[in-house]
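Just so we're clear, the structure is a prediction, and the values are computed from it rather than from any experiment. By convention in this document, chain letters (A, B, ...) are assigned in the order of the sequence lines, proteins followed by strands, and residues within each chain are numbered from 1.
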Amino acid sequence: MTDHAPNPSSSTDPKPGAAAPSNELPKAYKPSEHEDAIRARWESTGAFHADPSRVLSGDAEPFAIVIPPPNVTAALHLGHALNNTLQDVLVRAHRMKGYETLWMPGTDHAGIATQSVVEKRVLKEEGKRRADFKGEEGRREFVGKIQAFKDEYERVITDQLKRMGCSCDWERQRFTMDEVCAAAVREAFFQLFKDGLIYRGKRLVNWDPVSQTALSDDEVEMEEVDGHFFYLRYPLVHRSENSEDAKDAQEVTWDELASRGYPGADGHDGDENAWVTVATTRPETYLGDTAVAINPRDPRAAALRGLCVQLPLVGRVIPIVEDDYVVMPAADPDAEGVDAKAKYATGFLKVTPAHDPNDYEIGRRHGLPVINVMAPDASISDLHGWTDIGDARGFVGLSREEARRKVVAAFKERGLLEAQKPYRHSVGHSYRSHAAIEPYLSDQWYVKVTDPRLAGAALDAMVHEQRGNREAQLDPVKRGAEREAGDASLRFYPERYAKTYETWHENIRDWCISRQLWWGHRIPIFYLHQRTAQSVDPGVVHSWEQRNLESEATLDVLGRAAARACGLEDDVWFQRDLVETTAPMSGPQGVQRTYFGVACSRSRRGDLFLGHIHRLARMSSSSTEDQRVTRETFVREYGNDSLRPSMALAHRISHVSQDPDVLDTWFSSALWPMSTMGWPDATAAANATGIADFPQMLDAFNPTSVLCTAREIITLWVSRMVMFNRYLRPEGTKARRHEGTKTEKHEGGKGSGPVPFRDVFIHSVIQDGEGRKMSKSLGNGVDPLDIIESHGSDAMRFTLVQMTTSTQDVRMPVERDPTTGKNTSPKFDQGRNFCNKLWNAARFAVSILEKAGADDASRSVKPSDLSLVDRWMLSRVATTVADVDAALGEYQYAPYATAMYDLLWRDFCDWYLEAIKPTVASSAPQRAVLRATLDAILRMLHPIAPYITEAIHERVRSLLPTAAIAGLDLTGDAKDAARRASAKWAGMLCREVWPRADASLRDERAEQSFERLRQLVTACREVRSQHQVSPKRRVKLHVDAELAKEIGASGGLVETLAGLGEVSTATPAAAAVTFSFDSKECFLSDLADQVDAGAERERLTKQITDLDKSITALEGRLGNPGYADRAPKHLVDQTRDQLMKAKADREAARANLARLS
RNA sequence: GGGCGGGUAGCUCAGUUGGCCAGAGCAUUCGCCUUACACGCGAAGGGUCCAGGGUUCGAGUCCCUGCCCGCCCA
């Protein structure tokens, strides 16, 4: 914890800039001296607060992102830093571009993860387990501890996000379990339940025996495990027709089998009891076997028809059934390419419906009993459905692993273990506890996502060109029906992830949403338990009630009548029974109904009502006085007319109890884009939070613009948000925008509503230098706060953005910082260096602009007023604006960062600033270009590096304004200017307008001309370097008249950058070095007091060798007969030109070499 | 088993419809405290673009086969 607390000293540092407006900027950028103060200004001016009314009035287009809420389980890691930096880049850029921009922050309660962390903590600190907290009271106490933990981490996480510079609308921050979000969960559950899309099912779930909860399919990780195949012999018997007693089972001998035509039976002792051999990796589950299956095409099947086997020790007699699922044994198990299953198969499959999903299906097909032989902790138990223990009592109480060993030993002892082969296979493990998953039969709640209104709607949401399924793409009926609905409006970046999304929905299974946990949204289902005959106290039932009691009425009828009488028909939904989409199983595990019916409560009002019904139902066991009080309370609450129907209901039940389980965390996450904006009752949300414009949020900002997340979340989260949004939000959302607002109607689009977001951007996963995931256990993780402290937030952000290419993983070499002992990466040095470069460039520019004083003209500077290097610089700015806009539009982060790097470092610093040094002091137009360029760079860089750019902007802004540059718009729309000028955040860079560059600023000729001269400079520098000319020495360049004229027209550019004292058209004196430029022979003289002939000879020789190589290559290309004919003419011409120049240069070099010797 | 991504300089990575002598940063070497920046400036060396085949005048780029690494799903 302390690791992540903010540095307390940093927040008390004096604010820079503000303290001393006139002194010059410090030499190096020190992030810690600026970040806190700048962040405080952003926050205090409400710069990130989104105003939905501007969207609804049509004054601004919306741009909205909901944060993928971080789990409150732990502090943020580098992956979060990446995820949130990328969001912030989009958010800041769009805000500057004039969109009304919302970034909704919040955190996720992360049920199982948080609960298990707190469980461990409580065990360690108090020595208590969850089971030690008894009853509803104990549960509340324990949940309180988790709540406290959540509060602690929510603060840590929020602080981390803020320090990263995230420009969230912090006033709107939500938590998945807060009042506003809880209302959404309630409403969603209620609607789905009422519509029959939530049901309770008894079936095999993924059971985590350590956490003792069910898991969804997505929470199970497959891991390779070294195990064995065990071959167990089950003795064959006849079904005992008249006796239930297994002891009466009559053995089947090999002779009898032979007479039935069983292949290979005569190879055995004819009098001996025959057997079949099953192969299994989990012998301990044999205790729950209810059949042996054989493939009907198996030649042995006919002979076995009607026979049974008897389970050793248990004594249970179970049938042999025929099922296509059974894999036939391979004829030659050792042959190449034999399927692994066939290789190990015997053709007989033990069927344990309670402990294997495939067996469960076989069981359903053949009507087999389901015998659960395990307790919730996965130990062998006779208390959870297993009754015919027989002689197998010795296994009861053992763990899965112990039981396996003992079962194998028992079979071996009796000569029934035929073989044991090592076998490596994948086994499901809990993503949280890492325990092996036990397929476990239990009652759980499911969302019927297989319904077309859910999964189907999620598929239809995809844009057509990203759908792989051709029929869906071309279906004309579908296309006609789209219109305003959310169909065909969801797009993935990078595109390939659309496939992941699509295939997942095509193979989707119903979603298990109940978790046997305490931390989460309690399932809003109440069981109304049936009153047994003896529990009815005849004295309680008054005569009028008896008369009026509709004895035949079912619970739903009674319940609805009661609710209506109390004015709560919208708050509670009664149902006779739970909806089962699958036929109930036969056998001892059939669903035991102990309740009379269920009620789903939509609201706290509903909960209270059911509590009252509960008390009415319990009245018979209380004193007369208590009964009177209970009735009076009820009447006071709901009025006189409410009592009769409610009593009619209450008299049929003994008590009401809420389902103890909570919902899967993803259920609330799935509602995030809606719940954070106040769905379903934004007025209530406004009242609860004091945020007055809550009722405008949904219409203004949902659908959001883009969701940014990592790919592992596509199925867990993205899909479910799409399904829920489309089901629960009404159609025609777009049309309602600009039309004012209303609290959302309860009726949703049922699958044709809008999408929660238009784009889905999936970013890379950061790995360490060896391509491993960063993890605590490996100790290879990098803590974002460590980087912020050592390098600054902007440096971290720049590095992360620069790394974000469209590949699925990026590597970051991790090193230990020798001074702090903390993990870091040299990658971050790049970001730090970049920031420092920017700082110093700005420092230099500021020093020049400060000195200029008030004489700078205010009239607009036109390109024609400017020198080559200025026109070139502006052209580069214009090009970069276009490049950056294009990159941002496609979520191309690395190209964005690279474009900014090149513009700032290569163009602005290396060339422009160097070139203008001699002239800028005397040229007002040049100063205008300098300031505009720096300003444009700051703005374009702000989304990546918000702190430093804001810090610099503060200074640049305060300098006397220099003239505007025609074609470079840095002021924005005039009509918006007044509003912006009067805002609290006025003048801050984070709210400045995004640069817009007119096409006229792009100057192809200036760029070409500059490029030529740059090459000339480089050629001069090369010569200087090779001749070890001191950087201070001014040398003399000799060129022909034409080139001299070009140099002259460039305004001293070449002289400055190449360190020339003079440019001459005269032939050089004796001590000169020659080089070729553009096929022209040029000379540099005055390099030193004497030219080093050896160095020169070396240089020329190397040059000739290089040219030889080029000439050979170029001649080869031109010699190719197809080339001249088929290649584009301009390319061929270009090649000829190159060859000519290369030959000329070689001639010149050769001549010079000859002259030297 | 199915799907996806990657294999380019010592390291981390760009390289968008096939077309200048394949680029950047870091690292290395040489020279510079040139008054914005040594977290810097100037210059240099360094690549069988995983392997093999194909299409093409031309392939890092497109097609096929194979190898290796990683991820997701079953």
Side-chain angles (χ1 to χ4, degrees), chain A residues 24-25 27-29 217-218 221-222 339-341 426 428 468 494 496-497 499-500 502-504 507 711-712 714-715 764-765 767 769-773 791-792 795 799 802-803 805-813 825-848 886-887 890 892 894-895 897-898 901-902 905-906 909-910 913-914 917 1017-1018 1020-1033 1057-1059 1102 1106-1107 1109-1111 1113-1114 1116-1128 1130-1132 1134-1135 1137-1138 1142:
Chain A
E24 70 182 56
L25 295 165
K27 196 168 173 179
Y29 175 64
D217 295 340
D218 312 270
E221 293 171 346
M222 302 308 279
D339 177 69
K341 279 192 180 152
S426 49
R496 69 183 112 95
Y497 292 111
K499 198 166 178 176
T500 311
E502 186 175 37
T503 50
W504 190 73
N507 305 311
R711 64 181 175 280
E712 73 235 29
I714 296 172
T715 54
S764 325
V765 169
Q767 304 173 330
E770 277 78 54
R772 299 171 305 183
K773 266 188 179 169
H791 290 70
T799 298
Q802 198 182 27
M803 286 175 73
T805 59
S806 61
T807 58
Q808 49 181 35
D809 308 303
V810 290
R811 290 186 186 191
M812 171 170 280
S825 172
K827 283 265 182 190
F828 293 112
D829 294 347
Q830 289 177 40
R832 182 201 51 192
N833 295 353
F834 180 76
C835 290
N836 193 56
K837 191 72 177 174
L838 172 65
W839 183 255
N840 278 291
R843 210 157 67 88
F844 178 66
V846 164
S847 73
I848 290 166
E890 294 285 308
Q892 302 264 15
T898 305
Y901 182 96
D902 288 342
W905 202 310
R906 300 275 84 100
C909 292
D910 286 354
L913 290 184
E914 292 303 327
K917 275 178 181 174
V1017 169
T1018 301
C1020 296
R1021 284 172 173 177
E1022 198 180 325
V1023 172
R1024 292 179 65 118
S1025 183
Q1026 262 151 355
H1027 285 275
Q1028 315 237 320
V1029 178
S1030 152
K1032 280 180 183 154
R1033 190 178 182 105
L1057 298 171
K1102 188 187 165 300
D1106 288 349
L1107 287 167
K1109 236 191 280 175
S1110 291
I1111 288 162
L1114 294 168
R1117 194 180 307 163
L1118 288 167
N1120 185 328
Y1123 183 70
D1125 300 342
R1126 305 206 196 181
H1130 73 274
L1131 286 175
V1132 180
Q1134 192 179 304
T1135 309
D1137 200 40
Q1138 280 169 345

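Nucleotides B:A74 and B:C13, compared at atom P, are 29 Å apart to the nearest Å. For the C1' atoms, the distance from B:U17 to B:C26 is 33 Å, rounded to whole Å. Nucleotides B:U8 and B:G60 place their P atoms 15 Å apart, quoted to the nearest Å. B:C49 and B:G6 have their C1' atoms separated by 14 Å, given to the nearest Å. Between the C1' atoms of B:C32 and B:C68, the separation comes to 45 Å (whole Å). As rounded to the nearest Å, B:G47 and B:G7 have C1' atoms that lie 14 Å from one another. Only the C1' atoms considered, B:U34 is 34 Å distant from B:C20, to the nearest whole Å. B:A51 and B:U12 have their C1' atoms separated by 24 Å, given to the nearest Å.
The CG-C1' distance, from A:Asp829 to B:A27, rounds to 12 Å in whole Å. In this structure, A:Asp910 places its CG atom 14 Å from P of B:A36, rounding to the nearest Å. Going from atom CG of A:Leu1057 over to atom C1' of B:C41 covers 12 Å, rounded to whole Å. For A:His791 and B:G25, the NE2 to P distance is 18 Å, given to the nearest whole Å. Distance, A:Arg1024 CZ to B:A43 P: 11 Å, rounded to whole Å. A:Glu1022 places its CD atom 14 Å from the C1' atom of B:G31, with the value rounded to the nearest Å. Per the geometry, CG belonging to A:Asn840 stands 10 Å off P belonging to B:A36, to the nearest Å. Rounded to an integer number of Å, the gap from OH of A:Tyr901 to P of B:U12 is 19 Å.
Comparing atom distances between the A:Arg811 side chain and each of B:A36, B:G42, B:U12 picks out B:U12 as nearest. Checking B:C11, B:C37, B:G70 against the side-chain heavy atoms of A:Gln767 singles out B:G70 as nearest. Nearest to the side-chain atoms of A:Arg711 among the listed nucleotides B:A24, B:C11, B:C71 stands B:C71. Picking from B:C13, B:A36, B:G25 the nucleotide with the shortest atom distance to the side chain of A:Arg843 gives B:A36. Closest approach to the A:Arg832 side chain among B:G42, B:C39, B:A36 is made by B:C39 (side chain taken as heavy atoms from C-beta onward). Of all nucleotides listed (B:U34, B:C69, B:G25), B:G25 comes nearest to the side chain of A:Gln830. For A:Arg1021, the side-chain atoms get nearest to B:G42 when compared with the rest of B:G42, B:U12, B:C37.
To the nearest 0.5 Å, the span separating SG on A:Cys835 from NE2 on A:His791 amounts to 10.5 Å. To the nearest 0.5 Å, the span separating CD on A:Glu502 from CD1 on A:Ile714 amounts to 12.5 Å. Atom-to-atom distance recorded for A:Lys837:NZ and A:Tyr901:OH is 8.5 Å, nearest 0.5 angstrom. In this structure, A:Lys827 NZ and A:Thr799 OG1 are separated by 8.0 Å, a value rounded to the nearest 0.5 Å. Rounded to the nearest 0.5 angstrom, A:Asn836 CG and A:Arg843 CZ are separated by 9.0 Å. Here A:Ile848 contributes atom CD1 and A:Lys917 contributes atom NZ; the two are 8.5 Å apart, rounded to the nearest 0.5 Å.
Between A:Thr898 and the phosphate of B:A14, there is no side-chain N or O to OP1/OP2 separation shorter than 4.0 Å. At least one side-chain nitrogen or oxygen of A:Trp905 sits closer than 4.0 Å to the OP1 or OP2 atom of B:C41. Considering only side-chain N and O atoms, A:Lys837 lies under 4.0 angstrom from the phosphate OP1 or OP2 of B:C41. Taking side-chain N and O atoms only, A:Lys917 has no distance below 4.0 Å to OP1 or OP2 of B:U35. Residue A:Asn833 places none of its side-chain N or O atoms closer than 4.0 Å to OP1 or OP2 of B:G25.
Listed by chain and residue number, A:Phe798, A:Val801, A:Gln802, A:Ile944 satisfy the side chain to side chain contact (heavy atoms under 4.5 Å, CB included) test with A:Ala897 (two or more places apart in sequence, or in another chain).
Nucleic acid contact class of A:Cys909 (heavy atoms, under 4.0 Å, all strands): base. As judged by a 4.0 angstrom heavy-atom cut-off over every strand, A:Val810 is placed among residues touching the sugar-phosphate backbone only. Across all strands, A:Thr805 comes closer than 4.0 Å only to sugar-phosphate atoms, never to a base (heavy-atom distances).
Summarising the base pairing, B:C21 is matched to no nucleotide, lacking a Watson-Crick or G-U wobble pair whose two defining distances lie under 3.5 Å. Nucleotide B:A59 forms no Watson-Crick or G-U wobble pair with any nucleotide shown, as no partner meets the under 3.5 Å limit on both distances. Remark: B:A51 base-pairs with B:U65. Criterion, Watson-Crick or G-U wobble with two distances under 3.5 Å. Across all strands shown, B:U34 remains unpaired; no Watson-Crick or G-U wobble contact has both distances below 3.5 Å. B:A43 and B:U29 make up a base pair, with Watson-Crick or G-U wobble contacts both under 3.5 Å. Partner assigned to B:G1 is B:C73, using Watson-Crick or G-U wobble distances below 3.5 angstrom.
Between A:Pro813 and A:Thr1018, the residue anchored closer to the 5' end of RNA chain B is A:Pro813, taking for each the nucleotide with the nearest heavy atom.
Using a 4.5 Å cut-off on side-chain heavy atoms (C-beta onward), A:Val810 and A:Gln767 make no contact. Residues A:Arg711 and A:Thr500 have side chains not in contact (no heavy-atom distance under 4.5 Å, counting atoms from C-beta outward). Between A:Arg832 and A:Asp829, some side-chain heavy-atom pair lies under the 4.5 Å cut-off. Contact annotation: the side chain of A:Arg1021 approaches that of A:Leu1057 to within less than 4.5 Å [non-hydrogen atoms, C-beta and beyond].
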- Note on the structure: Per-nt protein contacts along nucleotides 16-21 of chain B (heavy atom under 4.0 Å; B base, S backbone sugar-phosphate only, - none) come out as ---BBB

- Query: What is the per-nucleotide protein-contact pattern of nucleotides 1-9 of chain B, from the 5' end, where B denotes a base atom under 4.0 Å from a protein heavy atom, S denotes such proximity for sugar-phosphate atoms only, and - denotes neither?
  - Reply: --SBSS---

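Using a 4.0 Å cut-off between charged side-chain N and carboxylate O, A:Arg906 and A:Asp910 make a salt bridge.
Between A:Ala795 and A:Phe828, the shortest heavy-atom contact is CB-O, 4.2 Å.
Between the side chain of A:Glu914 and the base of B:A36, a donor-acceptor pair under 3.5 Å is found.
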